[in-house]
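Data first, discussion second: the structure below is written as structure tokens.
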Amino acid sequence: MLGVILCGGQSTRMGTDKGMIQLHANTWAQTAVDKIAGLNLDVVVSVNAIQYMDYVTVFDESQLVKDNNELQLRGPLAGVLSVHLQYPEEDLFVLACDMPLMDTGILKQLLLMALKVPGAEAFVYTNEGEPEPLCAIYKASGLVKVTSLLQSGQLTRHSMKFMLQQINASFTKLEDRQKKNFRNFNAQAELNGL
């Protein structure tokens, strides 16, 4: 299994690259890398072409995966499938960089679920009945299906939630106390108190 930190967003509402925002001594991207690496997983950082030169000053080039333009996708799905195409045998443990409050206990719980539930192709938490696809595990077998659907023109929507409907996903409801850990930050005003 390979950890994937999604940093490839446009960050238009934030006005600055969210992965490069400082939290204590580290960037949000490095904080997320450290959390997944704490599960004894190798980790790559998914970026878009515009970000690449900034990220290569912070991360080793071998750790960066640039969005694959041949996919003709944008957003998180572009990042996930780009990493999948580069590492087709690996299951992917995905975490968005803009969830700086994520708790490592939640990540460990997700990893345990992936080991216990045979046959599922994704392991995802739900929050108020909605999936949280940016902190999830995606099996290589499910990503092969999604890639095939995309290539044959049958993936009619390019959202992570729609992708989850195309594969056999195992969902686990978040406890109320865990919901704050899934908060993502999209604007400067939301950063107060971090």
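For the pair E70/L85, no side-chain contact is recorded, criterion being any heavy-atom separation below 4.5 Å from C-beta on. V80 is not listed as a side-chain neighbour of V4, based on a closest heavy-atom distance of 4.5 Å or more. Contact check for K161 versus E130: side-chain heavy atoms found under the 4.5 Å cut-off. Looking at heavy atoms from C-beta onward, V45 lies in side-chain contact with C7 at the 4.5 angstrom threshold. Proximity of D98 to W28: side-chain heavy atoms (C-beta onward) are separated by under 4.5 Å at one or more points. Side-chain contact check for Y138 versus M160: some heavy-atom pair is nearer than 4.5 Å. Two residues are said to be in side-chain contact when any heavy atoms from C-beta on lie closer than 4.5 Å; L77 and S159 fail this criterion. You'll find the side chain of V33 reaches within 4.5 Å of the side chain of F59, heavy atoms only.
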Applying side chain to side chain donor-acceptor pair (under 3.5 Å) to E175 and Y125, what does each step give before you reach the verdict?
CA-CA 10 Å; E175 297 173 28; Y125 287 107; over 6 Å; no
L150/H158 under side-chain contact (heavy atoms from CB on, under 4.5 Å): CA gap, chis, key distance, verdict
CA-CA 9 Å; L150 177 67; H158 298 161; 3.8 Å; yes
Worked check of side-chain contact (heavy atoms from CB on, under 4.5 Å) between L81 and V146
CA-CA 8 Å; L81 292 184; V146 173; 4.1 Å; yes
L111/M1 under side-chain contact (heavy atoms from CB on, under 4.5 Å): CA gap, chis, key distance, verdict:
CA-CA 10 Å; L111 190 57; M1 187 176 296; 3.6 Å; yes
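Atom CD of Q165 is surrounded by more than 12 heavy atoms from other residues, nucleotides or ligands within 6.0 Å. Open room surrounds CG on D42; 12 or fewer heavy atoms of other groups in view lie less than 6.0 Å from it. Within a 6.0 Å sphere centred on NZ of K173, other residues, nucleotides and ligands contribute 12 heavy atoms or fewer. Residue D34 places its CG atom among more than 12 non-hydrogen atoms of other residues, nucleotides or ligands, all under 6.0 Å distant.
Between F182 atom CZ and D103 atom CG the span is 9.5 Å, to the nearest 0.5 Å. In this structure, CG on L92 lies 10.0 Å from CD1 on I137, to the nearest 0.5 angstrom. Annotation: the span from T126 atom OG1 to E128 atom CD amounts to 9.0 Å, rounded to 0.5 Å. With rounding to the nearest 0.5 angstrom, the CE atom of M113 is 8.5 Å from the CZ atom of F123. Taken from OG1 in T57 to CD in E61, the straight-line distance is 12.0 Å, to the nearest 0.5 Å. Here the straight-line distance linking atom OG of S46 with atom CD of Q86 works out to 10.0 Å at 0.5 Å rounding.
Hydrophobic clustering (side-chain heavy atoms under 4.5 Å, transitive across Ile, Leu, Val, Met, Phe, Trp, Tyr) groups M53 together with V47. Placement of V94 and F162 within a single hydrophobic cluster is found when ILVMFWY residues are connected by side-chain heavy-atom separations under 4.5 Å, directly or transitively. Tracing side-chain contacts under 4.5 Å through hydrophobic residues (I, L, V, M, F, W, Y), one never reaches V144 starting from L71; they form parts of separate clusters. L174 and L112 fall into different hydrophobic clusters, defined by Ile, Leu, Val, Met, Phe, Trp and Tyr side-chain heavy atoms under 4.5 Å apart, directly or through other members.
Here the side chain of S82 pairs no donor or acceptor atom with the backbone of D67 at under 3.5 angstrom. A donor-acceptor distance shorter than 3.5 angstrom exists from the side chain of Q51 to the backbone of N48, with no hydrogens or angles considered. One N or O on the side chain of K35 and one on the backbone of M102 form a donor-acceptor pair closer than 3.5 Å.
Contact between A122 and L164 at its shortest, heavy atoms only, is CB-CD2, 3.9 Å. The minimum heavy-atom distance linking L95 with A32 is given by the pair CD2-CB, 4.0 Å. Taking every heavy atom of both residues into account, V124 and P131 meet most closely at CG1-CB, 4.0 Å. Shown here for C135 and M99, the closest heavy-atom pair between the two residues is CB-SD, 4.3 Å. Contact detail for P76 and L134: the closest heavy-atom pair is CB-CD2, 3.6 Å.
The salt bridge (Lys or Arg N to Asp or Glu O under 4.0 Å) pairs that include a residue from residues 83-95 are D91-K139, where partners are two or more places apart or lie in different chains. Among pairs with a residue in residues 104-123, those fulfilling side chain to side chain donor-acceptor pair (under 3.5 Å) read Q109-Q178, E121-K145, at least two apart in sequence or across chains.
Annotation: ring pair (Phe, Tyr, Trp, His ring centres under 6.0 Å) contacts of F93 (sequence neighbours excluded): none.
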